[in-house]
Amino acid sequence: MQEQLQRLEKEAVEKVSQTENVKDLQEVQVAYLGRKGSITEVLRGMGKLSKEERPVIGELANKVRAAIQEAIDEKKELLEQAELEKQLEKETIDVTLPGRPVNFGGTHILTSIIEEIEDLFIGLGYEVREGPEVETDYFNFEALNLPQGHPARDMQDSFYLTNELLMRTHTSPVQARTMRSLNGNEPVRMICPGKVYRRDSDDATHSHQFTQIEGLYVDKNVRMSDLKGTLDLFAKKMFGKDREIRLRPSFFPFTEPSVEMDISCKVCSGKGCSVCKQTGWIEILGAGMVHPKVLEMAGYDPNVYTGFAFGMGPDRIAMLKYGIDDIRRFYTNDIRFLKQFHEA
Ligand code: 2NL
């Protein structure tokens, strides 16, 4: 039995030294020291030994076990060390490699235009206000003097969601809501930018969704000359101080009188060219004095309060400013187009 144990020790230590990974090592451990391992098997035969032999073999068995265990532990540490080194080598980072380029996003050109207009009017004491894109028929039309049956309310032109709800066709309802919330006894100076929706077929100059920015100034003694001065300042700041403006009579249901504003053509300085279609002037926005009915519906006494309003399309302004030929370019997200308006 003594010999058997010594042979097993030699055999086990030999096998341990031959293992190449932790898993094989564990198998050796089970094979010799486990509950059904060879050493355990030998010890089962101890019952047959004499009283004198038993402690001697018992001690030897313990030594053998300890020796095998020690060999396993040592080998395990070696293997683990080797595995760690292999992993570290695999994960080595070459800090001298050039970095991967990071793609930065940028502000959309329409957002830039809107922010430029906002900044200008904030400087004149206006507040920026936003409102819902899903509107009620009342605030989108009725409150703006577009009563039922008005041609602009045609189902053909708007995206109706229910009988009462539609995608707003302009940002004016934000202004109607704001006026309404002030109980008819506070002045209003506000601009409202945002997305608007029309049931149009998309082409180079039409999009079913585009942007609008409107302005509203309501107070006692607001006059047409205030509107003209404000628009002149806007045109010069936005398009250059050598620009002239001209107001032409026009019509909107929510203003009376109504005007359209042109700026003198920068390309030909008013002589006439293809950009201004030989007129020397380019149409920029619509405006007018707020219709007394609109003031009244919002809770303002039109005999005490007057106001002006204007509305323009940032899409059109960006197209004019940068010579963009197709409104759809703003919405089809070709990164090569959008990138042209980012700094560096
Ligand atoms: C255009 C013309 C305009 C307004 C918008 C307005 C709003 C209220 C009351 C009165 Cl709450 N008017 N907005 C007035 C005149 C013209 O927009 O051509 N937009 C692209």
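Whatever order the structure lists them in is the order used to number ligands and atoms, beginning at 1.
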Open item on the list: Counting only heavy atoms closer than 4.0 Å, does ligand 1 sit against the backbone of Leu144, its side chain, both, or neither?
Closed with: side chain
- [ ] Supply the atom-to-atom distance Lys15 NZ to Ile72 CD1, rounded to the nearest 0.5 angstrom.
- [x] 12.0 Å
Open item on the list: If the threshold is 4.0 Å, N to carboxylate O, is there a salt bridge linking Glu53 and Lys48?
Closed with: no
TODO: Using a strict 4.0 Å cut-off to heavy atoms of Thr255, name the atoms of ligand 1 that fall inside it.
DONE: 10 (C), 12 (N), 14 (C), 15 (C)
TODO: Look at atom 15 (C) of ligand 1 and find which of Ala298, Ala287, Pro314 reaches it with the closest heavy atom.
DONE: Ala287
TODO: Determine whether the side chains of Ser207 and Asp200 contain a donor N or O and an acceptor N or O closer than 3.5 Å.
DONE: no
Task: Heavy atom of the protein closest to atom 12 (N) of ligand 1 (residue, atom name, distance) - done: Ala309 CB, 3.2 Å
Task: Shortest protein heavy-atom distance from atom 3 (C) of ligand 1, along with the residue and atom involved - done: Gly311 N, 3.5 Å
Open item on the list: Please determine whether the number of non-hydrogen atoms from other residues, nucleotides or ligands lying under 6.0 Å from atom CG of Asn163 exceeds 12.
Closed with: no
Task: Any N/O pair Glu214/ligand 1 closer than 3.5 Å - done: yes
Task: Under 3.5 Å side-chain donor-acceptor pair for Gln69 and Gln29 - done: yes
TODO: Check whether any side-chain N or O of Asn140 sits under 3.5 Å from a backbone N or O of Thr169 as a donor-acceptor pair, and report yes or no.
DONE: yes
- [ ] Could you list the atoms of ligand 1 found under 4.0 angstrom from a heavy atom of Gln212?
- [x] 19 (N), 20 (C)
- [ ] Show your reasoning for whether ring pair (Phe, Tyr, Trp, His ring centres under 6.0 Å) applies to Phe254 and His170.
- [x] CA-CA 12 Å; Phe254 24 83; His170 43 196; 5.8 Å; yes
- [ ] Starting from atom 7 (C) of ligand 1, find the nearest protein heavy-atom neighbour and note its residue, name and distance.
- [x] Gln175 OE1, 3.1 Å
TODO: Tell me which part of Phe254 gets within contact of ligand 1: side chain, backbone, both or neither, using heavy atoms under 4.0 Å.
DONE: both
- [ ] For ligand 1, indicate whether the residue His170 contacts it via side chain, backbone, both or neither (heavy-atom separation under 4.0 Å).
- [x] neither
